[in-house]
A.B. asks: 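Input: one structure, supplied below.
Just the heavy atoms: all of them, side chains too, but no hydrogens, waters or symmetry mates, feed the values below. Remember, it's a predicted structure, so these values are computed and weren't measured experimentally.
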Amino acid sequence: MTYFDQVDHAQLLRDFPIADAFRATFTMISRDELYARQNDRFMRLMQRVWQIPFYQRLYAQHGLEPGDIRHLEDIDNLPVYSKTDLMQSIEAHPPYGDFHGMETSDARAILHTTSGTTGTPQVLLFGPKSREIQNLLLARAYLFQGLRKTDVVHSVYGFGMINGGHYIRETLLHWTQAMLLPAGTGVETSSRQQVVLMRDFGATCLVGFADYLKRLADVARELGIIPGEHIPMRMLSGHLGREDRRALCDAWGGAEAYDWYGVGDTGIIASEGSDHNGLYVWEDAHYLELLDVDTAAPVADGLPGDMVVTVLFKDDIYPIVRFNTHDVSAFETSSSSLDLKLRRIRGFLGRSDNMVKLRGINIFPQAIGPLLDVRPEFTGEYICRAERDSTGRDQLTVMIEITTAPEAYAHLAPVYRELLKTKLGITVDVELTSPGALSHLTGIETRQKPVRLLDTRLA
């Protein structure tokens, strides 16, 4: 039996509608109907979970038995786990770990790994059904954001063992009619080649991580290729986080930018729409909890917490129940202007395991860039260095690329220090550098996600 034989594409579209059917479904559905749908999928998922050694061991440690979970309301009785637990599973049961359930499934397993941004790459496993649902849900986002069948989509997600480039390629080819330029990262296709490709093929949509999307606009101008004039870009879609959206849009000649959120294990979880008022959670596919970073208790709407996700459809290979992404967000409290009956989050606000706590203040390195965007000489590139002195006192230094000549650094450094002190509420050190000087540390040309924190406290 082939991959395609294991996927009923028509049924997937009925279960997880996209395009016009998506809007019709989620403007008409009630919250009670949606919860009932979540509960049915959760209980089916739990039947699968109890077959898997990783979960059997985890739940036994907490005194749980199969009959203890009778409804989605019981989910908070289940323990939360994270990548650390998965890596321990892989170490004890190499090379795949024991969290996947391949030995008790007829589904064909698909193997990828994470990029290793937060450490050693982690095994990612999918079955054909869950893989195609993830693809379909990302297509839902692109179409929700306005993707057209006439669009030419330039993708800068990497290939190799990581999932990103393959995920975007499958999504666009399987579930949309748009043309795809699968350029990959700056290592796979140089930045200069990328902008020439976009010009020659008339790219209208650019997808990837915000940092590199902005870098490509700069490279285009260096080559005399003007976004919006020589490249008809109208739409940007990717992981914007807390980046300066206006600066990104302006860099691409006024193209409209959209955010979405997901992780390698789960696929897309939430997407921004045309209202640009938070990211709509795909609640028919995911049960998302926001838990306090320190206590793991649910946070009130509007307050930040770790995103803990249960993937309601992943009942073939590698089921996911209460996986702590350690990505921080908050639920929106206002109503949807699109009248969709889905909860919204504010997007990616930072990583709790990358958080630096200085004298009682929580600082997320990913949030530093948007604070610096008010300075005209800031190139958009920076990295934070966390250090601990001999007395045990922690200190943060922000290294910043600027276009101004080095002789002006002494004058500008206090300006940057005061800006960050005002925005963060705490004093940090500043080191100014020339454009490109930090690329060997951030990996902006070689990585899907640039490094924003060097934590020497762990050395």
A.B. asks: Under the 3.5 angstrom rule, does the side chain of Asn324 hit a backbone N or O of His326 as a donor-acceptor pair?
C.D. replies: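 Yes; at least one donor-acceptor contact below 3.5 Å.
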A.B. asks: Check this for me, if you would: do Asp76 and Arg322 make a salt bridge, where the nitrogen-to-carboxylate-oxygen distance has to be below 4.0 angstrom?
C.D. replies: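 A salt bridge is absent here (no side-chain N lies under 4.0 Å from a carboxylate O).
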A.B. asks: Are the charged groups of Arg246 and Asp250 less than 4.0 angstrom apart, N to O?
C.D. replies: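 Salt bridge: yes.
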A.B. asks: Can you tell me if Glu33 and Ser30 form a side-chain donor-acceptor pair at under 3.5 Å?
C.D. replies: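 Side-chain D/A pair, Glu33 to Ser30: present.
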A.B. asks: Can Arg131 and Glu170 be counted as an ion pair, charged N to O under 4.0 angstrom?
C.D. replies: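 So Arg131 pairs with Glu170 through a salt bridge.
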A.B. asks: Between the side chain of Ser89 and the main-chain N/O of Gly97, is any donor-acceptor distance below 3.5 Å?
C.D. replies: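 Flag not set: sc Ser89 to bb Gly97 has no pair under 3.5 Å.
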A.B. asks: Report yes or no: does Lys341 contribute a side-chain atom to a donor-acceptor pair with the main-chain N or O of Asp339 at less than 3.5 Å?
C.D. replies: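 Such a contact is found between Lys341 side chain and Asp339 backbone.
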A.B. asks: Considering residues, nucleotides and ligands other than Met43, do more than 12 of their heavy atoms fall under 6.0 Å from its CE?
C.D. replies: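 Check passes, neighbour count above 12.
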A.B. asks: Evaluate whether atom OH of Tyr35 has more than 12 neighbouring non-hydrogen atoms of other residues, nucleotides or ligands under 6.0 angstrom away.
C.D. replies: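 Count over threshold, so yes.
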A.B. asks: Can you name the nearest heavy-atom pair linking Leu290 to Gly305, along with the distance?
C.D. replies: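 Looks like CD2-O, 3.9 Å.
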A.B. asks: So, using side chain to side chain contact (heavy atoms under 4.5 Å, CB included) as the criterion, who are the partners of Ile52 when residues are at least two apart?
C.D. replies: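 Arg48, Phe54, Tyr55, Pro319.
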A.B. asks: Apply side-chain hydrogen bond (donor to acceptor under 3.5 Å, both in side chains) to Asp15 and list each qualifying residue two or more places apart in sequence or on a separate chain.
C.D. replies: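 Counting only residues at least two positions away or on another chain, Asp15 forms a side-chain hydrogen bond (donor to acceptor under 3.5 Å, both in side chains) with Gln11.
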A.B. asks: Looking at CZ of Arg23 and CZ of Arg140, how far apart are the two atoms once the value is rounded to the nearest 0.5 Å?
C.D. replies: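 Arg23 CZ to Arg140 CZ: 12.0 Å, rounded to 0.5 Å.
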A.B. asks: Would His174 and Phe4 count as a ring-ring contact (aromatic ring centres under 6.0 Å, His included) if you check the C-alpha gap in whole Å, the side-chain angles of each, and the deciding distance to 0.1 Å?
C.D. replies: CA-CA 11 Å; His174 296 183; Phe4 301 102; 7.1 Å; no
A.B. asks: Taking the six-membered ring for Trp, are Tyr59 and Trp50 closer than 6.0 Å centroid to centroid?
C.D. replies: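 Yes; Trp50 has its ring centre under 6.0 Å from that of Tyr59.
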A.B. asks: Phe331 ring centre to Arg344 NZ or CZ under 6.0 Å, with the angle to the axis within 45°?
C.D. replies: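 No, Arg344 and Phe331 do not form such a contact.
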A.B. asks: Hey, does Leu420 have a side-chain heavy atom less than 4.5 Å from the side chain of Leu372?
C.D. replies: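 Side chain of Leu372 against side chain of Leu420, heavy atoms only: contact under 4.5 Å found.
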A.B. asks: Using the ring centroid of each side chain, check whether Phe144 and Phe22 are separated by less than 6.0 Å.
C.D. replies: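 That pair passes the under 6.0 Å test.
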A.B. asks: For Phe348 and Tyr261, take the angle between the two ring planes, folded into 0 to 90°, and tell me which bin it lands in: parallel under 30, tilted 30 to 60, perpendicular over 60.
C.D. replies: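 The arrangement is parallel - the two ring planes meet at less than 30°.
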A.B. asks: Mark yes or no for whether Trp260, through its side chain, and Leu240, through its backbone, hold a donor-acceptor pair below 3.5 Å.
C.D. replies: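 No: the side chain of Trp260 does not pair with the backbone of Leu240.
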A.B. asks: Report yes or no: does Glu272 contribute a side-chain atom to a donor-acceptor pair with the main-chain N or O of Asp259 at less than 3.5 Å?
C.D. replies: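 The answer is yes, because a donor-acceptor pair under 3.5 Å joins these two groups.
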A.B. asks: Do Pro95 and Val123 have side chains that get closer than 4.5 Å, going by heavy atoms?
C.D. replies: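 Heavy-atom side-chain distance check fails, nothing below 4.5 Å.
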A.B. asks: For the residue pair Val153 and Leu181, establish whether any side-chain heavy-atom pair is separated by less than 4.5 Å.
C.D. replies: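 No, side chains not in contact.
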A.B. asks: What's the shortest heavy-atom distance between Leu172 and Thr176, and which atoms?
C.D. replies: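 Looking at all heavy atoms of both residues, the shortest contact is O-OG1, 2.7 Å.
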A.B. asks: Atom NE2 of His62 and atom CG of Leu78: how far apart are they, to the nearest 0.5 Å?
C.D. replies: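 Atom-to-atom, His62:NE2 and Leu78:CG are 9.5 Å apart.
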A.B. asks: For the aromatic rings, using the six-membered ring if either is Trp, is the centroid distance between Phe313 and His286 under 6.0 Å?
C.D. replies: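 Yes, close enough.
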A.B. asks: Is it the case that more than 12 heavy atoms not belonging to Phe159 sit under 6.0 Å from its CZ atom?
C.D. replies: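 More than 12 within 6.0 Å, yes.
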A.B. asks: Look at the aromatic rings of His239 and Tyr157 and report parallel, tilted or perpendicular, splitting at 30° and 60°.
C.D. replies: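 Ring orientation, 0 to 90° scale: perpendicular.
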A.B. asks: State the CE-SG distance between Met179 and Cys205, to the nearest 0.5 angstrom.
C.D. replies: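 Going from CE on Met179 over to SG on Cys205, the span is 14.0 Å.
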A.B. asks: Using modelled atom types only, decide if a donor and an acceptor are shared between the side chain of Thr104 and the backbone of Gly101 within a distance under 3.5 Å.
C.D. replies: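 A pair under 3.5 Å: yes.
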A.B. asks: Between Ser352 and Val293, what is the shortest heavy-atom contact and its length?
C.D. replies: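 Result for this residue pair: CB-CG1, 3.8 Å.
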A.B. asks: In the structure I gave you, are the side-chain heavy atoms of Gln177 and Arg148 within less than 4.5 Å of one another anywhere?
C.D. replies: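 With C-beta onward as the side chain, the pair stays apart.
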A.B. asks: Sub-3.5 Å donor-acceptor pair from the side chain of Arg234 to the main-chain atoms of Glu256, do we have one?
C.D. replies: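 The answer is no, because no donor-acceptor pair under 3.5 Å joins these two groups.
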A.B. asks: Let me confirm one number: the CG-NE2 distance from Asn77 to His71, rounded to the nearest 0.5 Å.
C.D. replies: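 It is 13.0 Å, given to the nearest 0.5 Å.
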A.B. asks: Kindly determine whether Phe99 and His93 satisfy ring-ring contact (aromatic ring centres under 6.0 Å, His included), including the steps that lead there.
C.D. replies: CA-CA 10 Å; Phe99 54 82; His93 306 277; 9.9 Å; no
A.B. asks: Assess the residue pair Phe323 and Tyr81 against the criterion (ring-ring contact (aromatic ring centres under 6.0 Å, His included)); give the C-alpha distance rounded to whole Å, side-chain angles, the decisive distance to 0.1 Å, and a yes or no.
C.D. replies: CA-CA 5 Å; Phe323 174 64; Tyr81 69 94; 5.6 Å; yes
A.B. asks: For the residue pair Gly347 and Ser329, what are the closest heavy atoms and their distance?
C.D. replies: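 The pair with the smallest heavy-atom distance is O-OG, 2.6 Å.
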A.B. asks: Looking at Asp315, Asp316, Asp5, which hits salt bridge (Lys or Arg N to Asp or Glu O under 4.0 Å) with Lys129?
C.D. replies: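 Answer after filtering Asp315, Asp316, Asp5: Asp315.
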A.B. asks: Measure from the ring center of Phe126 to the ring center of Tyr318 and say whether it is less than 6.0 Å.
C.D. replies: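 Ring centres of Tyr318 and Phe126 not closer than 6.0 Å.
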A.B. asks: Please check: side-chain N/O of Tyr96 versus main-chain N/O of Leu124, any donor-acceptor pairing under 3.5 Å?
C.D. replies: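 Between the backbone of Leu124 and the side chain of Tyr96 there is no qualifying donor-acceptor contact (under 3.5 Å).
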A.B. asks: Run the side chain to side chain donor-acceptor pair (under 3.5 Å) check on Asp275 and Tyr280 step by step: do they pass?
C.D. replies: CA-CA 11 Å; Asp275 56 345; Tyr280 290 86; 2.6 Å; yes
A.B. asks: Are Tyr142 and Tyr258 close enough that their ring centres sit under 6.0 Å apart?
C.D. replies: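 That pair fails the under 6.0 Å test.
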A.B. asks: Any carboxylate oxygen within less than 4.0 angstrom of a Lys/Arg side-chain nitrogen, looking at Glu381 and Lys214?
C.D. replies: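 Salt bridge between Glu381 and Lys214, a charged N being under 4.0 Å from a carboxylate O: no.
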A.B. asks: Please name the residue in the list Asp306, Asp327, Asp455 that meets the salt bridge (Lys or Arg N to Asp or Glu O under 4.0 Å) test with Arg351.
C.D. replies: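 Single pass found, and it is Asp327.
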A.B. asks: Between His100 and Met102 (side chain of the first, backbone of the second, donor and acceptor by atom type, cut-off under 3.5 Å), is there such a pair?
C.D. replies: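 Such a contact is found between His100 side chain and Met102 backbone.
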A.B. asks: Begin from the C-alpha positions of Ser191 and Tyr212 and carry the test side chain to side chain donor-acceptor pair (under 3.5 Å) through to its verdict.
C.D. replies: CA-CA 9 Å; Ser191 299; Tyr212 191 53; 2.7 Å; yes
A.B. asks: Could you check whether Asp301 pairs with Arg343 (Lys NZ or Arg NE/NH1/NH2 to Asp/Glu carboxylate O, under 4.0 Å)?
C.D. replies: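 Judged by the 4.0 Å cut-off on N to carboxylate O distance, Asp301 and Arg343 do form a salt bridge.
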A.B. asks: Nearest 0.5 Å please: distance from the CG atom of Leu236 over to the CG atom of Leu206.
C.D. replies: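 Output value for this atom pair is 5.5 Å.
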A.B. asks: Do side-chain atoms of Asp74 reach the backbone of Arg70 as a donor and acceptor pair under 3.5 angstrom?
C.D. replies: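 Side chain of Asp74 to backbone of Arg70: a pair is present.
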A.B. asks: Within a 6.0 Å radius of atom CD on Glu91, are there more than 12 heavy atoms belonging to other residues, nucleotides or ligands?
C.D. replies: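 Counting neighbours around CD of Glu91, 12 or fewer heavy atoms of other residues, nucleotides or ligands fall under 6.0 Å, so no.
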A.B. asks: Measure the CD1-OG1 distance between Ile18 and Thr25 for me, rounded to the nearest 0.5 Å.
C.D. replies: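 Reported value, rounded in 0.5 Å steps: 11.5 Å.
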A.B. asks: What I want to check is whether the side chains of Gln122 and Asp265 have a donor and an acceptor closer together than 3.5 Å.
C.D. replies: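 Their side chains do contain a donor-acceptor pair, which is all the 3.5 Å distance test asks for.
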